[in-house]
2 protein chains.
Amino acid sequence: MPEQPVRARLVDVARAAGVSKATVSKVLNDRQDLSVRPETRRRVHEAAETLEYRPHSGARALAGAGTHALALLVPALANPTYVTIARGAYQRARELGYLSLLAEDFDGHEADESFNELVQAGRVDGLLIASARPGHPLLDALSRSRVPHVFLNRSVEGSGRNVTMDVARSSVTALDHLHSLGHRAVGHVAGPPGIAPSEVRKQAFLRHAGELGLSAAPVASGDFTEDGGVSATRELLRPADGAGRRPITAIYTSSLAQAIGAMAAIRDLGLRIPEDISVIGNDDLPVAGHLHPPLTTVAMPLYELGTAAVDALVATIEGGPSGDVVVPTEPRLVLRRSTAGPGESP
Amino acid sequence: MPEQPVRARLVDVARAAGVSKATVSKVLNDRQDLSVRPETRRRVHEAAETLEYRPHSGARALAGAGTHALALLVPALANPTYVTIARGAYQRARELGYLSLLAEDFDGHEADESFNELVQAGRVDGLLIASARPGHPLLDALSRSRVPHVFLNRSVEGSGRNVTMDVARSSVTALDHLHSLGHRAVGHVAGPPGIAPSEVRKQAFLRHAGELGLSAAPVASGDFTEDGGVSATRELLRPADGAGRRPITAIYTSSLAQAIGAMAAIRDLGLRIPEDISVIGNDDLPVAGHLHPPLTTVAMPLYELGTAAVDALVATIEGGPSGDVVVPTEPRLVLRRSTAGPGESP
DNA sequence: ACGACCTAGGAAACCGGTTGACTGAAGCTG
DNA sequence: CAGCTTCAGTCAACCGGTTTCCTAGGTCGT
């Protein structure tokens with residue numbers, strides 16, 4: 001039997017450095033309640049280094065220090081939006097000495113289970129929740145237990161723990177762009193009702209449409225998927241008057257996938273993009289630039305959302321106060337060829 | 001100070017059921033080395049139920065039982081392929097009493113760190129590795145330690161721990177389809193060199209092209225991204241002879257993103273799909289059906305790959321033997337409108 | 001009637017860290 | 001030079017499970 005390359009334990013480091021477990025623990029955790037000679041400190045660090053010591057997270061958690069792990073709950077990983085957020089969260093967590101785990105929360109179906117497995121089982125110190133919606137079972141569990149958590153992207157009103165982007169601004173940016181191209185009748189493909197950013201975008205769209213004096217600003221809801229975009233777009237393009245005139249000349253969608261669906265639906269109706277209908281979507285990802293035509297988008301600061309959420313959560317875990325946060329980076333218009341003046345080529 | 005709704009602990013359950021910790025532990029873990037009266041067993045389960053008892057994963061891990069957690073390392077979450085795999089893994093893991101965690105391994109950059117944080121810190125019992133490639137730092141770490149693991153999708157030759165799909169078959173399926181439409185000169189957009197499924201697909205493509213007697217079967221490599229598809233496609237379509245004739249009439253890509261890139265590149269050259277060039281991609285996802293034109297694909301059994309990998313890993317963890325596994329489900333052709341006979345409309 | 005053998009369950013050690021109370025030695029003070 | 005601090009660390013309890021021996025009481029065979 002070959003030598004098992006056993007993990008180094010605290011006591012191994014202690015032995016190697018010629019000190020006690022307690023000293024090693026305190027030195028490595030940089031605790032203030034202990035005075036150590038620099039020389040000793042050095043020996044400890046050196047021993048830990050050569051032995052490649054990693055504290056056992058379970059033991060640490062048991063002893064009352066946390067696990068130094070967070071979990072990010074996203075509603076749908078297939079939506080690459082959340083992947084960008086997750087990356088931001090992961091990186092920032094690492095910088096703060098935490099590990100960020102990723103879990104898909106199939107719109108509440110698995111939420112209880114995830115909650116149990118992650119929080120109750122003591123695997124994580126806190127939750128980053130991107131899957132909130134009214135009536136979500138998780139909200140209940142959270143209020144019963146006292147687990148540190150923040151809501152990101154999908155905020156929960158009155159929680160005082162929301163980390164969001166300036167979603168309203170994205171509607172304004174998109175609408176200003178279309179308006180400046182000459183569009184006066186713009187439709188909006190909104191996300192499902194009840195979901196915070198979806199509602200905010202819709203309200204901002206309607207408000208700003210009013211401010212710009214648009215002649216029409218119909219809204220249709222659909223899932224944040226391609227199919228959701230297809231059905232909402234069909235609804236928007238159905239001739240409203242008997243004359244058979246198209247009610248709108250441009251569409252603004254709440255997600256990238258919806259925009260892809262919208263483009264498909266528009267073409268199915270025999271219309272051209274952007275000559276007949278301009279399309280602009282939210283969230284910029286590589287695929288947008290490779291569509292036909294390349295899609296104009298409003299890029300949201302997703303990565304920053306992830307980092308900001310971790311900052312807020314870690315602050316909470318470490319005893320700080322909590323409060324709503326809005327990521328300062330503004331949505332950015334990414335101009336491509338799916339938008340043009342009504343009747344024009346790009 | 002409000003009552004902290006503390007987690008129920010083992011001893012709480014024991015007290016409630018009127019037995020000892022040991023008994024509860026054994027009953028809940030269904031251990032054979034103890035005889036209990038059915039009545040006692042019932043009481044224990046009941047108490048655990050009403051107290052909503054969840055074992056503390058850290059404590060359990062410390063005591064020598066595992067963590068009952070696995071980690072899935074994927075090379076790029078932005079590639080939705082891996083999301084489907086992850087779902088399969090997650091579900092199957094749950095059925096087996098495990099929790100599957102998801103981590104992005106930025107092509108080796110973070111692999112060591114992930115390995116340390118997950119394995120060395122004792123957070124997981126085993127690894128599902130989908131990010132292998134020759135020279136990957138993880139391979140070293142794995143051979144040094146004795147952590148249970150399997151490689152999925154991207155196999156590692158000689159490891160005896162590969163869980164794969166019939167990737168060669170997917171090339172045959174795609175090529176047969178194009179051949180039956182009348183194509184005799186087909187190009188292949190392969191993945192990066194050195195990556196197992198990429199190489200296998202390419203070899204199978206070349207072999208079957210030979211079997212079918214194609215007049216041309218050029219191959220160009222590119223990343224599994226849209227941009228990778230663009231550049232490889234440009235290479236394939238560059239006129240080879242002085243005559244300026246296009247060398248091929250169809251393109252088969254190794255990933256869906258590459259297919260999207262290929263379509264963009266084809267259009268940029270002023271060519272039509274499928275009249276001038278047919279396109280067929282690997283992996284079927286919702287977006288494929290909403291492209292312009294809707295993309296014909298070869299659907300791979302990704303979900304099953306995830307479940308099979310978990311089966312294999314858990315078997316290893318629980319002391320079983322290991323061995324290579326190939327998911328039995330065959331690749332399936334999903335016919336859409338990006339393929340047609342040379343010169344024809346779909 | 002008495003030991004052998006089950007049956008049902010309990011006591012306690014142990015896993016690997018953390019933490020607050022404690023201590024021996026050196027330095028300072030009066 | 002005795003007493004008080006400060007310094008530099010040590011001791012041991014503890015976290016919440018699991019597991020390995022035990023044991024008390026009842027059953028069975030002879």
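Within every chain, numbering begins at 1; the chains are lettered A, B, ... in the order of the sequence lines, protein sequences first and strands thereafter. Only heavy atoms go into these numbers, but all of them, side chains included; no hydrogens, no water, no symmetry mates.
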Filter on side chain to side chain donor-acceptor pair (under 3.5 Å), then keep only pairs touching residues 317-327 of chain A, sequence neighbours left out; what's left?
A:Tyr98-A:Glu318
OP1 or OP2 of [N] sitting under 4.0 Å from any side-chain N/O of [X]?
X: B:Thr40; N: C:dG9; result: yes
X: A:Arg37; N: D:dG9; result: yes
X: B:Ser35; N: C:dA8; result: yes

Can any side-chain N or O of A:Arg15 pair as donor or acceptor with the backbone N or O of A:Leu10 at less than 3.5 Å?
no
Side-chain donor or acceptor of A:Arg123 paired with backbone N/O of A:Glu117 under 3.5 Å:
yes
I need the [atom1]-[atom2] distance between [X] and [N], as an integer number of Å.
X: A:Leu34; N: C:dG17; atom1: CG; atom2: C1'; value: 16 Å
X: A:Leu51; N: C:dG17; atom1: CG; atom2: P; value: 12 Å
X: A:Leu28; N: C:dT18; atom1: CG; atom2: P; value: 8 Å
X: A:Gln32; N: D:dG9; atom1: CD; atom2: C1'; value: 16 Å
X: A:Arg41; N: D:dC7; atom1: CZ; atom2: C1'; value: 13 Å

Can you pull out how bent the helix from C:dA1-D:dT30 to C:dG30-D:dC1 is, comparing the axes over its first five and last five pairs, to 10°?
50°
Along nucleotides 16-23 of chain D, 5' to 3', which nucleotides get a B, which get an S, and which get a -, given that the test is a protein heavy-atom distance under 4.0 Å?
BBBBBB--
Separation of B:Ser25 OG from B:Arg60 CZ (nearest 0.5 Å)
8.0 Å
Hey, are B:Lys26 and B:Asp33 close enough for a salt bridge, meaning a charged N less than 4.0 Å from a carboxylate O?
no
Testing the 3.5 Å rule here: is there a donor-acceptor pair between the side chains of [X] and [Y]?
X: B:Asn162; Y: B:Ser159; result: yes
X: B:Asn79; Y: B:Thr81; result: yes
X: B:Ser114; Y: B:Asp105; result: no

Under 6.0 Å from the CD atom of B:Glu95, do we count more than 12 heavy atoms belonging to anything else shown?
yes
